[in-house]
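Remember, it's a predicted structure, so these values are computed and weren't measured experimentally. Just the heavy atoms: all of them, side chains too, but no hydrogens, waters or symmetry mates, feed the values below. Every number for a ligand or one of its atoms is a count from 1 in the order of the listing. Position 1 is the first residue of the sequence; numbering continues from there.
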Amino acid sequence: MARIEIEHLKYQYPATTKLALDDISFSVEPGEFIGIIGKNESGKSTLCQAIAGLVPNFYKGSYGGKVMVGEIEVKTVEVNEMCKTVGIVFQNPFNQVTGSKLTVYEEISFGLENMGIPKVEMIKRIDEAMELLDIIKYKDRNPFDLSGGQMQRMAIASIIAMQPEVIILDEPTSQLDPQGREEVFQAVQKLSKKGITIIMVEHNMEKIAQYSDRVVLLNDTKLVAIDTPQKIFSRDDLDSFGVEAPVFTKICRGLHLKNEETGCYPVTLEEASRLFQRLVKEESHNE
Ligand SMILES: Nc1ncnc2c1ncn2[C@@H]1O[C@H](COP(=O)(O)OP(=O)(O)OP(=O)(O)O)[C@@H](O)[C@H]1O
Ligand SMILES: [Mg+2]
């Protein structure tokens with residue numbers, strides 16, 4: 001599985017006067033679940049496109065530095081070749097549907113047909129992808145008759161069937177209701193457990209805190225930090241980047257309840273309640 005290495009990445013879209021990414025460097029280990037956060041226009045989507053190779057090969061513009069996915073230097077590979085290694089899922093599931101296929105099954109087979117995958121292998125991959133995303137029951141349904149969450153899972157299945165090593169999801173749940181959002185997060189976590197590297201932009205900080213191994217914090221096209229959710233959300237300067245901590249972190253901060261081992265505030269309900277139980281136990285011992 002591929003390690004992602006980004007070194008001094010700088011990028012400016014054509015016909016603009018300002019950098020969209022300014023000297024970004026970090027690396028991601030194979031199988032990590034990375035959340036990307038930052039306020040509007042901080043560069044989250046552009047960073048995603050740069051890992052997928054759409055920046056610079058589709059968007060053009062001026063580019064400096066290096067993005068490696070495993071042994072591949074992303075900018076040297078054509079977009080339709082790169083998508084075999086790095087799959088990208090966008091915000092709106094509607095925009096990702098071909099519109100020409102009558103069933104979910106045909107929709108998922110579309111990318112594989114284009115890749116010239118032999119029939120037997122294709123059937124195996126489609127079945128596996130549908131199983132993983134829990135959409136086998138919709139296989140004969142028209143893609144446009146699915147709910148938002150189901151449609152987004154179909155879009156992810158189409159990508160999974162191509163067996164990429166990295167999947168990038170740019171706000172994949174922002175158009176979904178809470179149930180659809182939960183379905184997508186559960187599905188993505190399953191992919192992560194199978195060893196696929198996940199890069200996900202998401203505005204819901206509770207979800208980012210719950211699912212990410214590490215979080216990339218961007219501000220105004222620059223990298224502020226890449227660290228555990230606990231470290232990122234315990235930063236005293238978080239407000240200045242236009243980012244709110246998860247509600248559990250805010251409550252614990254208000255109560256000055258830090259985890260002494262890590263020096264950080266809890267970021268999930270489970271973590272907060274574990275800390276609380278420990279404090280109650282210690283308190284009752286002291287009495
Ligand atoms: N296709 C484009 N052409 C020109 N400039 C662009 C394009 N897409 C983004 N930009 C610019 O690049 C910078 C980073 O934008 P980007 O869309 O990557 O931020 P973002 O963090 O994803 O924002 P949002 O939260 O609104 O999705 C911004 O200044 C933006 O205006
Ligand atoms: Mg964006």
Side-chain angles (χ1 to χ4, degrees), residues 4 6-26 28 33-67 69 74-75 78-80 82-83 86-96 148 152 155-156 159 166-176 180-181 184-185 188 198-209 211-212 214-227 229 232-233 235 237-246:
I4 302 171
I6 302 175
E7 282 173 27
H8 301 294
L9 173 64
K10 278 192 179 200
Y11 175 69
Q12 192 169 327
Y13 286 97
T16 62
T17 53
K18 190 177 160 283
L19 285 171
L21 293 174
D22 188 358
D23 199 17
I24 307 277
S25 299
F26 66 90
V28 175
F33 191 133
I34 301 288
I36 302 183
I37 62 171
K39 63 174 186 273
N40 287 350
E41 310 233 314
S42 56
K44 303 179 296 294
S45 295
T46 309
L47 179 58
C48 290
Q49 318 265 21
I51 300 171
L54 294 165
V55 159
N57 289 338
F58 174 76
Y59 287 99
K60 311 299 177 196
S62 40
Y63 183 98
K66 203 171 178 183
V67 178
V69 176
V74 169
K75 78 160 189 265
E78 284 194 30
V79 171
N80 55 1
M82 199 61 217
C83 69
V86 180
I88 185 161
V89 178
F90 298 99
Q91 219 170 49
N92 191 338
F94 269 97
N95 298 343
Q96 297 170 81
Q152 196 58 296
I156 299 171
I159 285 167
V166 179
I167 294 195
I168 297 175
L169 304 105
D170 189 359
E171 298 191 45
T173 72
S174 64
Q175 315 268 331
L176 308 183
R181 170 175 291 151
V184 168
F185 266 95
V188 173
I198 307 290
I199 311 277
M200 188 170 195
V201 179
E202 170 65 45
H203 280 293
N204 183 312
M205 295 303 144
E206 283 74 25
K207 289 270 181 281
I208 282 282
Y211 289 94
S212 307
R214 288 191 300 155
V215 175
V216 167
L217 171 59
L218 294 181
N219 185 54
D220 193 18
T221 73
K222 295 185 178 68
L223 176 73
V224 177
I226 171 166
D227 217 325
I232 294 285
F233 291 124
R235 289 177 70 109
D237 57 358
L238 202 59
D239 279 357
S240 68
F241 306 119
V243 169
E244 275 195 45

Salt bridge flag under 4.0 Å for residues Asp22 and Lys222 | yes
CD1 of Ile4 to CD1 of Ile199, rounded to nearest 0.5 Å, is 4.0 Å
State if Glu171 counts as touching ligand 1 under the rule of any non-hydrogen atom under 4.0 Å.
-> yes
Which is closest to atom 19 (O) of ligand 1 by heavy-atom distance: Gly242, Gly61, Gly43?
-> Gly43
Which protein non-hydrogen atom lies closest to atom 12 (O) of ligand 1, naming both residue and atom, and how far is it?
-> Ala20 CB, 3.3 Å
Distance-only donor-acceptor check, side chains Asn219 and Lys39, under 3.5 Å | yes
Atoms of ligand 1, numbered as shown, that sit under 4.0 Å from any heavy atom of Lys39 = 21 (O)
Which atom names give the shortest non-hydrogen contact between Ile37 and Glu202, and what distance separates them?
-> CG2-O, 3.9 Å
Which residue owns the protein heavy atom closest to atom 29 (O) of ligand 1, what's the atom, and how far is it?
-> Glu41 OE1, 3.7 Å
Contact with ligand 1 for Ser42, non-hydrogen, under 4.0 angstrom | yes
Around atom 21 (O) of ligand 1, find the nearest protein heavy atom and jot down its residue, atom name and distance.
-> Lys44 NZ, 2.8 Å
Look up atom CD in Glu171 and atom CG in Leu176, then write down how far apart they are to the nearest 0.5 Å.
-> 11.5 Å
Which value, rounded to the nearest 0.5 Å, describes the distance between Tyr211 atom OH and Ile198 atom CD1?
-> 12.5 Å
Side chain, backbone, both or neither: Asn40 near ligand 1, heavy atoms under 4.0 Å | both
Contact check, side chains of Val86 and Ile168, non-hydrogen atoms, under 4.5 Å = yes
Would Thr46 count as a contact for the Mg ion (ligand 2), in the sense that one of its N, O or S atoms lies under 2.8 Å from it?
-> no
For Thr16, the atoms of ligand 1 under 4.0 Å from one of its heavy atoms are 4 (C), 5 (N)
Residue, atom name and distance, where the atom is the protein heavy atom closest to atom 1 (N) of ligand 1 = Tyr13 CE2, 3.7 Å
Nearest non-hydrogen protein atom to atom 17 (O) of ligand 1, with distance, is Ser45 CB, 3.9 Å
Counting each atom of ligand 1 from 1 as listed, which ones have a heavy atom of Thr46 under 4.0 Å away?
-> 14 (C), 15 (O), 16 (P), 18 (O)
Hey, what do you get for CD (Gln152) to CD (Gln91), rounding to the nearest 0.5 Å?
-> 9.5 Å
Test side chain to side chain contact (heavy atoms under 4.5 Å, CB included) applied to Ser42 and Val243, Ile36, Asp220, Leu218, the passing residue = Leu218
